[in-house]
Each structure stands twice: as C-alpha cells, then as structure tokens.
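Structure first, commentary second.
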Amino acid sequence: MSNFTDVKEFILLGLTSRQELQVLFFGVFLIVYIITLLGNIGIIILIGISPQLQSPMYFFLSHLSFVDVWFSSNVTPKMLENLLSETKTISYVGCLVQCYFFIALVHVEVYILAVMAFDRYMAICNPLLYGSKMSRIVCVRLISVPYVYGFSVSLICTLWTYGLYFCGNVEINHFYCADPPLIKIACGGVHIKEYTMIVIAGINFTYSLSVVLISYTLIVVAVLRMHSADGRKKAFSTCGSHLTAVTMFYGTLIFMYLRRPTEESVEQGKMVAVFYTTVIPMLNPMIYSLRNKDVKEAVNKAISKANLKLQ
C-alpha cells in the first residue's frame, strides 16, 4: 500500500524557474489578459447595443466571448500572482475549483463552436427557412445545452480528480491545475481518472468536431453550387473566421488531452496550454471582427453616437 498523505495545497511550478523570465512573463501576460477582457467584453457590449448585430450568428458569438472571458479569468490571475510570488502555491480546494471551471468552460466552448457551425449551415444551405428555424427561442435552447452539459460533465470529472491520492509530491509541473500533470504526480486512483479523461475528451471532441465537419462539408457543397461569384465569396468569408477559431482551439486541446500523461507530454502540454488559455481568448474578438463588415459598421456607428453625445 502506498503511504498516502492529506494534501492541503499544491505548488505550481509555472512556466519557468528563472526570475528574470518570470518578470517578463508577468508583463506580457498581464497585457494579454487586459486585451482579452477589453476585446471580449467590447464584443458583448457591441452586440447588445447594435441593431444590425441581432442575428443568431452574433448571439452565439457574444456567448463565445462571454465564455472566453471566464476561461481566461479562471487561469490567468493565479498565474500572474504566482509569477511574482515566492511560494507559488494553490490550495487543494482552489485546485479542484480551478479544474472544475476549466473542464466546464472547455466543454461549453467546444459545443458553442459546434452550434455556430450548425448556424452557418442553416444560414447558407437553408436561407429561406433560416429566420423561422433559428428563432430566438431556438437559439436560447441551442445555447443552453452547452452550459448545462458542460457544467454537469465537469462535476463528474472533478469528482474523479478528487479521487486521486498523493504520496508527498505536491509539485504540479504546470501554471494552473490541470488533469494531466495532477495524474502524473498522483500515486492512487490514477487509472480510472486517466481512462475517463481520455474517453470523455475523445467522445466530446469527436462528437462536437463531427458536427463542425458535417456542417462545413454541406456548406462547401452548397457554395460550390452557387452561380454567383459574389455569393460564394460572401459565404466563405462568413465561415472563414469561425473555421480559424475552431482549428486553433480543437488542435491545441486534442494535443493535450488525447494523450497519456508522461513527463514529455506534460511539458509540451504546458507550452500548448499558454496558447489556448491566454492567446486564443485574446485572438477570438480580432478574428471575428477584423474581416467582418457588419462588426466594423457597428463599431463606427457606436463611435459616432458616442461622439455626438460628448459634443
């Protein structure tokens, strides 16, 4: 029998042990976090106040931005604190809470991306029925499913994380509490947690990604049948931003969670995690707005209204 210990807190080793790099990383990630908050909250407010952004596509986009704000906020503040702290600890309860919200928000985001792909399929392949089939009630129901499912699945996964036992090693080779590095330092309850993590991640990524791939396959077929070159260009432009976001998010998560936790995979996963916890939430508002004429027009109108009120 292993000599299990009653763990009260963990030590997060972070991205690096070099002091000069920690200060540099603090500055970089603080700026990234501020841009993330401003960009995503700005998108939410803009969609809320702009009459031309009241379509289902922007309704789902506002929820994607909402999830990105909380996704980044679940990880970044603690990471910033530990970059300037000598102890770099997180309580056992705090670790479980961070795991819970991380898993929940990941599931919510992947299914929102799937819902957004389905919405694009309905808009391009069934334009005449789009207004009735994607009514406000339908959109609310579609967006409710990822939240209910994501937080429910996360509760089960976190209970399995709670079932891990530790034998004295409390150093997590990561900058936040994640399942792979926790599994790596645990000495009990590992097999069921490792197995369920890979199975649940595999099922959810496969199912949600299948919705995306099927939707875009049908979209490509419909677009290629269009006689108008302008129509094809417009259809592809509305899908390009979403496909970029899907590729980045799914690619990084699959790289981390569909492999057995080893020293090498945990170390590589730590670098990849920087991308999907901090960089992607910052980039999403830019991806969806820079090439979007409706968003640009809404921003210009909002600025014009603000200027008129100030004059």
Side-chain angles (χ1 to χ4, degrees), residues 7 10 12 36 63-79 90-115 143-166 172-186 189-209 211 245-246 248-261 265-266 268-270 272-281 284:
V7 176
F10 293 101
L12 293 168
T36 300
H63 280 273
L64 181 67
S65 292
F66 176 77
V67 171
D68 276 339
V69 167
W70 290 106
F71 191 59
S72 182
S73 297
N74 182 49
V75 172
T76 309
K78 188 63 181 178
M79 178 180 68
I90 184 170
S91 67
Y92 180 77
V93 173
C95 186
L96 287 181
V97 169
Q98 195 173 61
C99 279
Y100 172 73
F101 280 104
F102 179 83
I103 296 169
L105 293 168
V106 164
H107 282 89
V108 173
E109 181 140 350
V110 295
Y111 280 107
I112 286 179
L113 290 171
V115 168
I143 204 64
S144 298
V145 173
Y147 285 104
V148 174
Y149 178 77
F151 281 91
S152 300
V153 168
S154 181
L155 180 60
I156 298 170
C157 294
T158 306
L159 289 174
W160 278 319
T161 303
Y162 181 73
L164 293 174
Y165 295 95
F166 303 91
I172 300 175
N173 186 20
H174 220 292
F175 57 91
Y176 70 92
C177 282
D179 282 341
L182 279 171
I183 291 171
K184 192 72 186 95
I185 66 171
V190 170
H191 296 297
I192 186 170
K193 176 61 186 176
E194 183 179 313
Y195 176 76
T196 53
M197 181 191 75
I198 294 174
V199 169
I200 289 176
I203 290 172
N204 285 291
F205 291 161
T206 300
Y207 182 73
S208 58
L209 192 56
V211 174
V246 166
M248 291 193 304
F249 196 71
Y250 276 87
T252 51
L253 285 174
I254 289 171
F255 182 84
M256 182 169 182
Y257 283 93
L258 293 185
R259 301 189 301 168
R260 290 189 69 253
S265 68
V266 168
Q268 291 173 348
K270 187 167 61 173
V272 174
V274 173
F275 195 70
Y276 66 73
T277 57
T278 59
V279 178
I280 290 178
N284 274 344

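Between I103 and D179, the closest side-chain pair of non-hydrogen atoms falls below 4.5 Å. Looking at Y176 and I90, their side chains never come closer than 4.5 Å, going by heavy atoms from C-beta outward. Within the 4.5 Å cutoff, side-chain heavy atoms of I112 are placed close to those of I143.
Ring orientation note: the planes of F249 and F71 are nearly perpendicular, at an angle over 60° on the 30°/60° scale. Using bins of under 30°, 30° to 60° and over 60° for the plane-to-plane angle, the ring pair Y276/F102 lands in the tilted bin. Between Y111 and Y149, the ring planes are perpendicular. Angles over 60° get that label, and only those under 30° would be called parallel. Note: Y147 and F151 have parallel aromatic rings, judged against thresholds of 30 and 60 degrees for the angle between ring planes. Taking the six-membered ring for Trp and thresholds of 30 and 60 degrees, Y162 and Y92 have ring planes inclined between 30 and 60 degrees apart.
Of all non-hydrogen atoms in T36 and T278, the two that sit nearest each other are OG1-O, 3.8 Å. Heavy-atom minimum distance, N204 versus S208: O-OG, 2.7 Å. The minimum heavy-atom distance between P77 and S72, with the atom names listed, is CD-O, 3.9 Å. Between P181 and H174, the shortest heavy-atom distance links the atoms CG-CD2, 3.7 Å.
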- request: Kindly determine whether H63 and V67 satisfy side-chain contact (heavy atoms from CB on, under 4.5 Å), including the steps that lead there.
  value: CA-CA 6 Å; H63 280 273; V67 171; 5.5 Å; no
query: Could you walk me through whether I185 and I172 pass the side-chain contact (heavy atoms from CB on, under 4.5 Å) check?
result: CA-CA 7 Å; I185 66 171; I172 300 175; 3.9 Å; yes
field: Stepwise side-chain contact (heavy atoms from CB on, under 4.5 Å) test for W160 and M197
entry: CA-CA 9 Å; W160 278 319; M197 181 191 75; over 6 Å; no
Verdict with reasoning, F275 to I280, per side-chain contact (heavy atoms from CB on, under 4.5 Å): CA-CA 6 Å; F275 195 70; I280 290 178; 3.7 Å; yes
message: For C95 and C177: C-alpha separation, side-chain torsions, deciding distance, then whether disulfide bond (SG atoms under 2.5 Å apart) applies.
response: CA-CA 5 Å; C95 186; C177 282; 2.0 Å; yes
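The backbone N or O of S73 lies less than 3.5 Å from no partner atom in the side chain of T76, so there is not a single donor-acceptor pair. The backbone N or O of V110 sits less than 3.5 Å from a side-chain atom of Y250, completing a donor-acceptor pair. Using modelled atom types, one side-chain atom of Q98 and one backbone atom of N74 make a donor-acceptor pair closer than 3.5 Å. Under the 3.5 Å distance criterion, the side-chain polar atoms of K193 are left unmatched by any main-chain donor or acceptor of P180.
Atom CD1 of I156 sits about 10.0 Å away from atom OG1 of T196, to the nearest 0.5 Å. Note that the SG atom of C99 and the CG atom of L164 stand 9.0 Å from one another [nearest 0.5 Å].
Counting heavy-atom neighbours within 6.0 Å of I192 CD1, excluding the residue itself, gives a total of 12 or less.
At a cut-off of 3.5 Å, with distance as the only test, no side-chain donor of T161 or Y100 sits close to an acceptor on the other residue.
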